[in-house]
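Taking it in order: structure first as structure tokens, then the write-up.
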Amino acid sequence: MFTGIITDVGEVTDITRAGDAGDLRFTIATRFDMETVPIGASICCSGCCLTVTTKGQAQGRGWFTAEASGETLSKTTLGTWQVGRRINLERSLKLGDELGGHLVYGHVDGVGRIVSITPEGGSLRFVFETPDALAGFMASKGSVAVDGVSLTVNEVDGRRFGVNIIAHTQAETTFAHVKPGDSVNLEADMLARYVARLLERTRQ
């Protein structure tokens, strides 16, 4: 479980095949103190919960490896990652930690697209487009995780929704390096999922 509050921007430093099923193993550099991160721990990587399989720490810089299955690669942006890519990182939530964003599973619901980025006061207004299956989960003033970042939805127009991203969030996440047309991992708010499921059952 995560909160959508990014605590580091890591970098993919190596990508190798993991087995014969098309899985990939990513090596990710981070500022996290990996001595405090156990093998098997979960780290949210641009919205996708991955398991630490090996790790290291050298000269003040940490690194870890995580594997993604073919299923994960096909349902997220991970299949397009290349060496040098910056990714948002968040360690898993501990009981008693402050919940600064909203509850995030790290289970990507679909891949969206950045439609536009325009300055608005001291922030940037982003418009995203969702897959058809996710459009119904977006609600004005509701929550959404975009590449692992907890954001508040301003407005919804069909498959598109808008958010404002303040300068601090831009500086502390990968949103400082994206452009229109880029793909992003989307996770709908978990409450929206349950409401949708309950409504579905009441119609049966």
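- Under a hydrophobic clustering in which Ile, Leu, Val, Met, Phe, Trp and Tyr are joined whenever their side-chain heavy atoms come within less than 4.5 Å, directly or via other members, I117 and V184 fall into the same cluster.
- P180 and S116 make their closest contact through CG-CA, 4.3 Å (heavy atoms, listed as atom of the first residue, atom of the second, distance).
- Of the listed residues (V153, V115, V163, V144), just one forms a side-chain contact (heavy atoms from CB on, under 4.5 Å) with F128, and that residue is V163.
- Across V156 and G158, no two heavy atoms sit closer than the pair CG1-O, 3.8 Å.
- Side-chain atoms of E187 come within 3.5 Å of backbone atoms of Y105 as a donor-acceptor pair (strictly under, hydrogens ignored).
- Between D157 and R160 there is no salt bridge, since none of the side-chain N atoms of the basic residue sits less than 4.0 Å from a carboxylate O of the acidic one.
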- Message: For a side-chain hydrogen bond (donor to acceptor under 3.5 Å, both in side chains) check, start with the C-alpha distance between D23 and S69, then their side-chain angles and the critical distance, and finish with the verdict.
- Response: CA-CA 4 Å; D23 300 354; S69 68; 5.2 Å; no
- Message: For a side chain to side chain contact (heavy atoms under 4.5 Å, CB included) check, start with the C-alpha distance between I114 and V178, then their side-chain angles and the critical distance, and finish with the verdict.
- Response: CA-CA 9 Å; I114 300 174; V178 297; 3.7 Å; yes
- Message: Is there a side-chain hydrogen bond (donor to acceptor under 3.5 Å, both in side chains) between T76 and N185? Walk through the geometry before answering.
- Response: CA-CA 6 Å; T76 69; N185 291 321; 4.5 Å; no
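- For the ring-ring contact (aromatic ring centres under 6.0 Å, His included) condition, the pairs that include at least one residue of residues 19-38, sequence neighbours left out, are F26-W81.
- No single ILVMFWY cluster, assembled from side-chain heavy atoms under 4.5 Å apart, contains both L93 and V37.
- Residues D132 and R159 have side chains in contact (heavy-atom distance under 4.5 Å, counting atoms from C-beta outward).
- With contacts defined as side-chain heavy-atom distances shorter than 4.5 Å, the pair F175/V149 qualifies.
- Judged as a salt bridge (Lys or Arg N to Asp or Glu O under 4.0 Å), the pairs with a partner in residues 36-62 (not counting sequence neighbours) are, in order, E11-R61.
- Every residue was checked against the ring pair (Phe, Tyr, Trp, His ring centres under 6.0 Å) condition with F64, not counting sequence neighbours, and none meets it.
- One distance of note links OG1 of T130 with CG of D109; it measures 10.5 Å at 0.5 Å rounding.
- A distance of 9.5 Å separates CG of D147 from OG of S183, quoted to the nearest 0.5 Å.
- Remark: T169 OG1 to L151 CG distance equals 7.5 Å, nearest 0.5 Å.
- Separating the CG atom in L78 from the CD1 atom in I87 is a distance of 7.5 Å, to the nearest 0.5 Å.
- Residues F2 and I28 fall into different hydrophobic clusters, defined by Ile, Leu, Val, Met, Phe, Trp and Tyr side chains chained together at heavy-atom separations under 4.5 Å.
- G106 and C44 make their closest contact through CA-SG, 4.2 Å (heavy atoms, listed as atom of the first residue, atom of the second, distance).
- The stretch residues 110-125 participates, sequence neighbours left out, in these salt bridge (Lys or Arg N to Asp or Glu O under 4.0 Å) pairs: R113-E129, E120-R125, R125-E155.
- In this structure, K141 and N154 have side chains that are in contact, with non-hydrogen atoms separated by less than 4.5 Å.
- With a 4.5 Å cut-off on side-chain heavy atoms, L124 and P119 count as touching.
- For G148 against I6, the heavy-atom pair with the smallest separation is O-CD1, 3.5 Å.
- One distance of note links CG of L134 with CE of M138; it measures 5.0 Å at 0.5 Å rounding.
- V9 and L89 fall into different hydrophobic clusters, defined by Ile, Leu, Val, Met, Phe, Trp and Tyr side-chain heavy atoms under 4.5 Å apart, directly or through other members.
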- Task: For L186 and V146, run side chain to side chain contact (heavy atoms under 4.5 Å, CB included): C-alpha distance rounded to whole Å, both residues' side-chain angles, the deciding distance at 0.1 Å, then the answer.
- Result: CA-CA 5 Å; L186 298 175; V146 180; 3.8 Å; yes
With a 3.5 Å cut-off and sequence neighbours excluded, list the donor-acceptor pairs that the side chains of residues 46-53 form with protein atoms.
from, atom 1, to, atom 2, distance (Å)
S46, OG, N88, N, 3.0
T53, OG1, T65, O, 3.1
T53, OG1, T65, OG1, 2.7

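- L24 and I43 fall within the same hydrophobic cluster, where Ile, Leu, Val, Met, Phe, Trp and Tyr residues are linked whenever their side-chain heavy atoms come under 4.5 Å apart, directly or through other members.
- In this structure, I165 CD1 and F126 CZ are separated by 4.0 Å, a value rounded to the nearest 0.5 Å.
- Contacts classified as salt bridge (Lys or Arg N to Asp or Glu O under 4.0 Å) and involving residues 80-93 (residues at least two apart or in different chains) are not found.
- Using a distance-only test at 3.5 Å, with no hydrogens or angles considered, no donor-acceptor pair links the side chain of D8 to the main chain of T30.
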